[in-house]
Amino acid sequence: MSTPQLVVHHDKELMAQAAAARLITKIVDAQTSRGTASVVLTGGRNGNGLLAALAAAPARDAIDWGRLDLWWGDERYLPEGDPERNVTQAREALLDSVPVDPERVHAMPASDGPHGADVEAAAEAYAAELAKAAGPENHGAVPTFDVLMLGVGPDTHVASLFPELPAVRETERTVVGVHGAPKPPPTRISLTLPAIRAAREVWLLAAGEDKAEAVAIALSGAGEIQAPAAGAYGRARTLWLLDSAAAAQLPRSLYPPASP
């Protein structure tokens, strides 16, 4: 478990640009040292803002897009191409404009796919895909992601792990179907906390005053069942990337500043 570090930017635009630059560096470093890189994307306004900033960054060309594996932390269980699906939004923000290898873009199943309405079967299929990608050097049944990004909801949810719901209590499976999510649509697929914690680095993104209370709760020692964001951490590093509005309820001395 890594101690959370904070980086607070003036506004959400600067946060997105800085996070995109940080991600480019991490991907290039991983590809230089191991040949490939593995990143878990997140949706929502902050996740998509980062992807748009990455698309606009000239340094994006430093990435070997054909040697990058992309996964998702969660997905809305909707038909393929639905504008509310995280993968649809990611394609529009970034993926359609860079030369990714389609075989290495690991989208979560859609509701009109081979599993139909059976979201549990869809979750099991994604878990199997993760397990297939995990090597002997990895920890358990998922790859050791270089960076796993998560948006933080106003209720402290991350991925589709909502406070008090069964998914956040899961300790064995890596991917679960989510029913009755308080945020529409109610049916989703999500990585679990054990899968999230397999990542080398976990980055939690939050911008806007509507996230300030959630950030303060998650960083104040709250339990992960009540505040799922508190249970999201990386093996080597846990980084909270915030704008000043989202950090407004935090004492600046709460945690030491992040290193470069």
Side-chain angles (χ1 to χ4, degrees), residues 1 4 40-44 46-47 71-79 82 84-87 106-134 139-143 145 148-199 202-206 211 213-235 238:
M1 177 178 179
V40 179
L41 302 181
T42 185
N46 295 317
W71 303 86
W72 271 262
D74 75 319
E75 187 56 276
R76 294 150 176 157
Y77 201 53
L78 297 168
D82 189 289
E84 292 299 308
R85 275 176 60 83
N86 289 332
V87 65
H106 307 276
M108 287 183 165
S111 63
D112 59 349
H115 312 290
D118 190 347
V119 70
E120 298 296 344
E124 289 176 8
Y126 203 68
E129 187 173 357
L130 284 164
K132 184 178 179 181
H139 303 276
V142 297
F145 310 113
L148 184 149
M149 295 181 288
L150 297 167
V152 179
D155 59 354
T156 73
H157 84 266
V158 291
S160 283
L161 305 177
F162 293 90
E164 305 285 354
L165 291 189
V168 77
R169 302 175 187 270
E170 179 63 45
T171 59
E172 299 295 332
R173 292 177 293 172
T174 58
V175 189
V176 292
V178 176
H179 304 274
K183 179 181 179 182
T187 306
R188 297 158 173 256
I189 303 173
S190 183
L191 297 189
T192 61
L193 288 177
I196 288 169
R197 293 168 183 163
V202 170
W203 298 1
L204 296 107
L205 314 175
K211 305 294 181 71
E213 184 176 7
V215 169
I217 290 171
L219 289 171
S220 67
E224 63 194 40
I225 304 302
Q226 295 76 30
Y233 48 82
R235 290 183 172 272
T238 305

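With sequence neighbours left out, Ala123 forms a side chain to side chain contact (heavy atoms under 4.5 Å, CB included) with Val175, Ile189. Looking at residues two or more places apart in sequence or on another chain, you find a side-chain hydrogen bond (donor to acceptor under 3.5 Å, both in side chains) between His106 and Asp69, Glu129. Considering only residues two or more places apart in sequence or on other chains, Thr238 meets the side-chain hydrogen bond (donor to acceptor under 3.5 Å, both in side chains) condition with Ser2. The side chain to side chain contact (heavy atoms under 4.5 Å, CB included) check on Ala214 picks up Val152, Thr156, with sequence neighbours excluded. Legend: residues meeting side chain to side chain contact (heavy atoms under 4.5 Å, CB included) with Ala167, ordered by chain and number and at least two apart, are Leu161, Val176, Val178. Listed by chain and residue number, Arg169 satisfy the salt bridge (charged side-chain N to carboxylate O under 4.0 Å, His left out) test with Glu164 (two or more places apart in sequence, or in another chain). Take Tyr126 and apply the ring pair (Phe, Tyr, Trp, His ring centres under 6.0 Å) test, not counting sequence neighbours, and it matches Trp71. Partners of Trp203 by side-chain hydrogen bond (donor to acceptor under 3.5 Å, both in side chains), not counting sequence neighbours, listed by chain and number: Glu201.
Of the inter-residue distances, the one linking Met108 atom CE with Asp74 atom CG reads 6.5 Å to the nearest 0.5 angstrom. Distance check, rounded to the nearest 0.5 Å: CG of Leu148 to CG of Leu41 gives 9.0 Å. Atom CZ of Arg76 is separated from atom CZ of Arg85 by 10.5 Å, given to the nearest 0.5 angstrom. Rounded to the nearest 0.5 angstrom, Asp155 CG and Ile217 CD1 are separated by 9.5 Å.
Across all non-hydrogen atoms, the minimal contact from Val158 to Ala232 is CG2-CB, 4.5 Å. Scanning all heavy atoms of the two residues, the minimum distance from Pro143 to Ala198 falls at O-CB, 4.3 Å. For the residue pair Gly73 and Ala159, the shortest heavy atom distance occurs at O-CB, 3.6 Å. Listed here is the closest heavy atom pair of Asn86 and Gly44: OD1-N, 4.3 Å. Shown here for Ala206 and Lys211, the closest heavy-atom pair between the two residues is CB-CB, 4.1 Å. Shown here for Gly180 and Leu165, the closest heavy-atom pair between the two residues is O-CD1, 4.0 Å.
Counting non-hydrogen atoms of other residues, nucleotides and ligands closer than 6.0 Å to CD of Glu213 gives a total of 12 or fewer.
Legend: side-chain hydrogen bond (donor to acceptor under 3.5 Å, both in side chains) pairs involving residues 184-199, not counting sequence neighbours, sorted by first then second residue: Ser160-Arg188, Arg197-Glu224, Arg197-Tyr233. Listed by first then second residue, pairs satisfying ring pair (Phe, Tyr, Trp, His ring centres under 6.0 Å) with a partner in residues 159-193 read His157-Phe162, not counting sequence neighbours. Pairs of residues two or more places apart, or lying in two chains, that qualify as salt bridge (charged side-chain N to carboxylate O under 4.0 Å, His left out) and include a residue from residues 107-128 are Glu120-Arg173.
No side-chain heavy atom of Pro194 sits under 4.5 Å from any side-chain heavy atom of Thr174. The closest side-chain heavy-atom distance from Pro163 to Val168 is not below 4.5 Å.
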Might you work through the side-chain contact (heavy atoms from CB on, under 4.5 Å) test for Thr42 and Val40, ending with a clear yes or no?
CA-CA 7 Å; Thr42 185; Val40 179; over 6 Å; no

